There are 2 protein chains.
Amino acid sequence: MTHKENGVADIRDVAQRAGCSIATVSRALNSPQLVRPETLARVQAAAAALKFRPNALGRQLRGERTGLIGVMLPTLGNPVFADCLEGIEAAIDGTGRRLLLVTTQYDPERERNAIETLLQQRVDGLLLTLADAEHSVLLDDLAAEGVACQLVYNDAPERPCVSVDNRAAAAQGVAMLIEAGHRDIVMVTGALHASDRAKRRYLGYGDAMRAAGLTPLPAFEIDFNSGARGERVREWLAQRERDGARPTALFCSNDLLALGVMRALREAGLRVPDDMSVLGFDGLAVGELLSPTLATVVQPSVEIGRHAAQRLLAQIDARGGATPSHDASLGHALMLPHEIRRGGTVSAPPRRQD
Amino acid sequence: MTHKENGVADIRDVAQRAGCSIATVSRALNSPQLVRPETLARVQAAAAALKFRPNALGRQLRGERTGLIGVMLPTLGNPVFADCLEGIEAAIDGTGRRLLLVTTQYDPERERNAIETLLQQRVDGLLLTLADAEHSVLLDDLAAEGVACQLVYNDAPERPCVSVDNRAAAAQGVAMLIEAGHRDIVMVTGALHASDRAKRRYLGYGDAMRAAGLTPLPAFEIDFNSGARGERVREWLAQRERDGARPTALFCSNDLLALGVMRALREAGLRVPDDMSVLGFDGLAVGELLSPTLATVVQPSVEIGRHAAQRLLAQIDARGGATPSHDASLGHALMLPHEIRRGGTVSAPPRRQD
DNA sequence: CTGAAAGCGCTAACAT
DNA sequence: ATGTTAGCGCTTTCAG
């Protein structure tokens, strides 16, 4: 058999059919202006006839770039990350690049593997949300290797990242609670050690409390993955009740958590906001559709994704340019503005029964 | 310069450092048992010392499979698709495969391009949600080319797909509305021509209406992308009001739309469900967190994604196997069970004022 | 404007 | 158990 059995047409097949060399085919495809119109036409005809589909792997192996962008996110179950991904998509749209996506479920080991895998595929750059970017040697390694990379959501001041100032944002949110008259405010969060963002938000909570002369309370940490979240919340509430220390407001480290907490409150017979005010963080779109609408600290998720991708692209392109990359700004943090969304879940605290 | 300037270590570099041939290195990496322990150790040491990162492109170009799965979804803005993607991720987890993700915004042209792009990257298979799978020549082409492919959400009976029976599911949902006492039920949807699912759901709506001896009403189509959706809804309501033909229940073609509609209703001063019942479709998790909770037709989104991915993997593996693929079931539709979620947004219609 | 030829990094026969 | 060698499909000098 003189021909390949493989059904897929080769650049050689096209060349043969067009009566030219493979080099000419390649040129016709990539730099049409370098080819005589007549030849070009023949090549195109041949390619069409053979349903030629250029093999990106060949090109990528040969070439300098792959056009692939690696994206690593904790989960898509939280719309915050899906939104961000939409922003990323929007930013690379039209650039001819594609996304290689991995989720890690906040698992540091998976993070390691995922990054390695992406690098083996020779992605041109990385867009990452790490569980904890602060204590990550990974990042130093990446930087040392000269991998183009932007963090997303992680606000690590000294690293290339796009985020909001979680600490300041949280403080501002909690200040709003205080302003509404609350003094007994507790922060509810997933495992603190597992998320640098949650930690910074807790710091912000502390800032706001102290600024108002109040004593920060320990955070109420509940397992994010536990099925019985509602129950845990109710238990905790009952406990606080017995201690006579039920807070009047809860600051939830993210909106998804806030929704779960609100449900638990409802099931426990507590009304929001009459019996308990609730403040979230993220600014999920669904929050506005609820009634009462969810008060929250809004971060511009889509924009975060978009900016991160844009910065990454700039970073990547900088390597190609003669100028050896000096827009140093790409190497540092970009903090996007946050915003407080007042919502129906926050009201003045119930009157004390003293 | 006898050495490459490129900082990245080659398989040849490793071979040299380990004092063996590149073939041995390759074996050490892919089939350690074929290599003497001692040599293996040397190779591993060399690889580690050089921070050798195997280039997947080389392997993929050479080999039969790339380990890449192409995923094409309309958007990630609707959690239904994000959920599905989670299921896909879960299914491929541990198989060493990676996801190449593209979103199309329901744009048929983008669908074309995206698929072509994915194919150029030589993905092993495709997971697709098309805007309209019924009138798609794309799919016939793919089938003809022998591309492994599963549709997701599109319920095209004759095609390889994983979905729910949208028509039957919608009918069942609407029947529930009728059972609650509603007779004036209108379906609200995005552009009908743009989505085969919406079309089938509308058929189901018609089935249920006729089965109860009621006359199906024209669907109320509102532009999904319009910013002024709320306003459109209010206008429409006002119009119906004047005509004395305000429905008592709305069947929304998806949950996201239902949430938007409910907001518009609220802004128009209508209470749900007292003045108007609302039924959604999808079963988004947030629906259960609302109050009142959203009544909806639940499709198992994560499971849909998971099954689709599993079937695709089976399909891909079938090509490798000696048996030339005969689990014909993979070639046809898999309909997963749906479920009616009763919720607070549906009640008996208000008493007629006659 | 076009062609010949040298690889990109890797795997898989085929020989030792 | 290990080495040699021939490509996978493509781009890109370097020569015409």
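Nothing here was measured: the structure is a model prediction, and the numbers come from that model. The figures here come from the full heavy-atom set of this structure, side chains too, leaving out hydrogens, waters and symmetry mates. Residue numbering restarts at 1 for every chain, and letters A, B, ... go by the order of the sequence lines.
The CG atom of Asp10(B) sits 14 Å away from the C1' atom of dT11(C) (whole-angstrom rounding). Atom C1' of nucleotide dT12(D) and atom CD of Gln60(A) are separated by 17 Å, given to the nearest angstrom. When rounded to the nearest whole Å, the span between CD of Gln121(A) and P of dC10(C) equals 13 Å. Taking atom CZ on Arg59(B) and atom P on dA12(C), their separation rounds to 9 Å, with Å as the unit. In this structure, CD1 of Ile11(A) is placed 5 Å from P of dC10(D), rounded to the nearest angstrom. For the pair Arg12(A) CZ and dC10(D) P, the computed distance is 8 Å after rounding to whole Å. Arg65(B) has its CZ atom 15 Å from the C1' atom of dT11(C), to the nearest Å. Rounded to a whole Å, the CG atom of Leu61(B) is 9 Å from the C1' atom of dC8(C).
For the segment residues 21-41 of chain A, residues with any heavy atom less than 4.0 angstrom from an atom of DNA chain D are, sorted by number, Ile22(A), Ala23(A), Ser26(A), Arg27(A), Asn30(A). Residues from residues 49-56 of chain B lying near DNA chain C, meaning a heavy-atom separation below 4.0 Å, are Phe52(B), Pro54(B), Asn55(B) in numerical order.
In this structure Glu303(A) satisfies the salt bridge (Lys or Arg N to Asp or Glu O under 4.0 Å) test together with Arg306(A), sequence neighbours excluded. For the side-chain hydrogen bond (donor to acceptor under 3.5 Å, both in side chains) test, no residue two or more places apart in sequence or in another chain qualifies with Thr104(A). Residues forming a salt bridge (Lys or Arg N to Asp or Glu O under 4.0 Å) with Arg159(A) (at least two apart in sequence, or on another chain): Asp140(A).
The 12-atom threshold is exceeded at CZ of Arg53(A), counting heavy atoms of other residues, nucleotides or ligands nearer than 6.0 Å.
Overall bending of the helix from dC1(C)-dG16(D) to dT16(C)-dA1(D), expressed as the angle between end axes built from five pairs apiece, is 40° (10° steps).
Taking each heavy atom of Val43(B) and Cys20(B) in turn, the nearest pair found is CG2-SG, 4.0 Å. Residue Val80(B) comes nearest to Tyr153(B) through the heavy atom pair O-OH, 2.8 Å, listed as atom of the first residue, atom of the second, then distance.
For the pair Arg42(B) and Gly58(B), nearest-nucleotide mapping onto DNA chain D gives the more 5' position to Arg42(B).
Between the side chains of Asn30(B) and Ser26(B), at least one donor N or O sits under 3.5 Å from an acceptor N or O. Judged by distance alone, the side chains of Gln121(B) and Arg98(A) do bring a donor and an acceptor atom under 3.5 Å apart.
Between Glu38(B) and Arg42(B), at least one side-chain N (NZ, or NE/NH1/NH2) sits under 4.0 Å from a carboxylate O, which counts as a salt bridge. Asp10(A) and Lys51(A) are not joined by a salt bridge, as no carboxylate oxygen comes within less than 4.0 angstrom of a charged side-chain nitrogen.
A distance-only check finds a donor-acceptor pair linking the side chain of Thr75(A) to the backbone of Gly77(A) [under 3.5 Å].
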